[in-house]
Amino acid sequence: MSIGNSNSPEEERPSTDDRSEDRLIERSVEEPSIGSALKKARIAAGLTVDDVSSLTRVRIPIVHAIEEDDFTRCGGDVYARGHIRTLARAVHLDPAPLVDSYDAAHGGRPAPTPAAPMFEAERIRPERQRPNWTAAMVAAIVAVIGFVGFTAFSGGDEKEKRPVAEGSASPKPAPKQTGGKPAALPSQAPSAAQPDPSDSAIAAAPKDLVTVVLTADTGESWISAKDSTGRLLFDGTLVRGESKTFTDKESVDLVLGDAGAVKLFVNGKEIKDDFQRGQVERLTYTKEDPSQGQPQAG
């Protein structure tokens with residue numbers, strides 16, 4: 001008979017709760033936070049915080065706060081999820097895992113409602129202008145009154161001139177034949193070949209301006225364009241097949257979110273740089289290009 005306390009094998013084994021806590025701690029150490037993942041992807045894409053703010057319309061202080069995992073400046077969970085999705089797409093990340101991580105850390109996602117989305121990436125939606133039917137009707141009435149008055153005053157003159165106008169006109173002499181072949185009538189003159197509309201538009205670019213034409217050729221791409229004074233000319237997404245033209249007296253600065261999907265013409269000439277799909281490029285073009293315009297570091 002043994003005296004004293006002896007521990008059984010079951011008592012020496014760690015409990016299930018302890019093992020679960022260890023796995024959670026290991027997982028939290030291995031997986032990066034939402035902010036660090038977004039910051040790492042932004043740096044890998046060659047974008048600054050200002051570039052991301054220009055592409056997404058999310059204000060710079062909010063971008064800095066999210067990269068530090070501070071979501072209190074977002075204005076609520078709904079806005080925070082929207083900011084995470086927008087920033088993730090701008091730096092070419094899948095937003096779904098990041099939103100799931102946010103929901104897991106902030107009590108889960110609320111039940112869906114039939115209302116319209118509350119967040120739209122802080123984009124400024126232009127208001128559609130309705131046609132001014134009153135002004136159109138007034139202009140039509142004025143035109144009708146003017147036509148009637150002109151007809152009434154000019155009717156007498158037309159009657160006096162009508163007998164002269166109805167006189168037989170002298171026939172025009174037939175064109176002379178040379179060498180047994182009939183001379184070509186003016187209406188039979190061969191018409192000049194019409195140039196392709198896109199080629200003529202590029203060739204008609206003014207020589208005293210820098211002209212840049214962007215076309216989303218193989219897919220959509222984020223585009224940001226500024227003139228030589230830093231004024232924003234365009235900031236948005238070109239869908240496939242859509243084109244934009246920018247001009248300035250000195251230079252045009254571009255940020256291409258997906259340079260491989262864009263066809264670029266500068267001062268009437270195509271820029272055939274070997275851009276890859278998903279590649280972010282910052283470019284500047286002047287009136288002397290396409291000899292210049294090399295990509296700049298982001």
Side-chain angles (χ1 to χ4, degrees), residues 38 41-42 44-48 50-59 63 79 81-96 98-99 116-131 196-205 210-227 231-248 252-285 289-290 293 295-296 298:
L38 291 172
R42 173 181 61 78
L47 297 173
T48 64
D50 291 343
D51 295 335
V52 173
S53 178
S54 297
L55 291 172
T56 62
R57 295 293 181 90
V58 178
R59 289 180 286 132
V63 176
Y79 291 96
R81 293 185 187 93
H83 286 313
I84 292 172
R85 292 190 186 95
T86 303
L87 296 179
R89 294 190 184 102
V91 297
H92 310 295
L93 279 182
D94 183 8
L98 300 180
V99 175
M118 297 177 61
F119 178 81
E120 189 58 24
E122 293 189 356
R123 295 184 183 272
I124 301 175
R125 295 178 175 271
E127 297 182 357
R128 296 182 179 179
Q129 297 182 353
R130 296 181 178 179
D196 183 73
S198 60
D199 294 340
S200 61
I202 295 173
V210 53
T211 302
V212 177
V213 181
L214 293 174
T215 301
D217 186 30
T218 59
E220 67 177 18
S221 175
W222 288 288
I223 300 296
S224 178
K226 297 181 180 179
D227 61 12
R231 182 173 62 92
L232 187 64
L233 301 175
F234 178 76
D235 186 358
T237 301
L238 288 185
V239 299
R240 183 174 183 180
E242 186 179 4
S243 297
K244 289 288 183 182
T245 301
F246 309 107
T247 59
D248 188 67
V252 174
D253 298 329
L254 301 174
V255 178
L256 308 181
D258 188 351
V262 176
K263 182 177 289 187
L264 179 61
F265 291 86
V266 177
N267 297 329
K269 296 182 180 180
E270 183 177 1
I271 304 300
K272 295 184 178 180
D273 290 341
D274 189 15
F275 296 137
Q276 303 297 322
R277 288 303 305 270
Q279 182 177 355
V280 178
E281 287 293 338
R282 300 181 66 186
L283 306 168
T284 298
Y285 292 102
D289 286 320
Q296 301 177 356

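On a predicted model such as this, the values are computed, not experimentally measured, just so you know.
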Handout entry: side-chain contact (heavy atoms from CB on, under 4.5 Å) assessment of L256 paired with I223
Key = CA-CA 5 Å; L256 308 181; I223 300 296; 3.4 Å; yes
Fill in the blank from the handout: Heavy-atom nearest pair, G260 first then T218, reads O-OG1, 3.7 Å
Fill in the blank from the handout: Only residue of Q279, R277, H92 satisfying side chain to side chain donor-acceptor pair (under 3.5 Å) with D258 is R277
Exercise for the section: Using modelled atom types only, decide if a donor and an acceptor are shared between the side chain of N267 and the backbone of D289 within a distance under 3.5 Å. Expected result: yes
Practice task
List the atom of V239, the atom of A216, and the distance in Å for their closest heavy-atom pair.
Solution key: O-CB, 3.0 Å
Practice task
Begin with the C-alpha distance, continue with both residues' side-chain angles, and end with the deciding distance and a verdict on side-chain contact (heavy atoms from CB on, under 4.5 Å) for F234 and L214.
Solution key: CA-CA 12 Å; F234 178 76; L214 293 174; over 6 Å; no
Practice task
Measure across T247 and V252 and return the closest heavy-atom pair with its distance rounded to 0.1 Å.
Solution key: C-CG2, 4.4 Å
Problem - Gap separating the CG atom of D248 from the CZ atom of R231, nearest 0.5 angstrom - result: 8.0 Å
Practice task
Output the distance between atom CZ (F265) and atom OG1 (T211), rounded to the nearest 0.5 Å.
Solution key: 13.0 Å
Fill in the blank from the handout: Nearest heavy-atom contact between A259 and E281 is CB-CG, 3.6 Å
Handout entry: Carboxylate-amine/guanidinium proximity below 4.0 Å for D51 and R42
Key = no
Fill in the blank from the handout: Between S53 and V58 the two heavy atoms that sit nearest each other are OG-O, 2.7 Å
Problem - Rounded distance [0.5 Å steps], CH2 in W222 versus CG in L47 - result: 9.5 Å
Problem - Verdict with reasoning, K244 to L238, per side-chain contact (heavy atoms from CB on, under 4.5 Å) - result: CA-CA 8 Å; K244 289 288 183 182; L238 288 185; 3.3 Å; yes
Problem - Polar side chain donor-acceptor pair, D235 to S224, under 3.5 angstrom - result: no
Handout entry: Distance (rounded to the nearest 0.5 Å) between T86 OG1 and L38 CG
Key = 11.0 Å
Practice task
Rounded to the nearest 0.5 Å, what's the gap from CG on L55 to CG on L87? Could you check?
Solution key: 10.5 Å
Problem - Nearest heavy atoms of I271 and V266, plus distance in Å - result: CG1-CG2, 3.6 Å
Fill in the blank from the handout: Distance col, row I84:CD1 vs L98:CG, nearest 0.5 angstrom, shows 7.0 Å
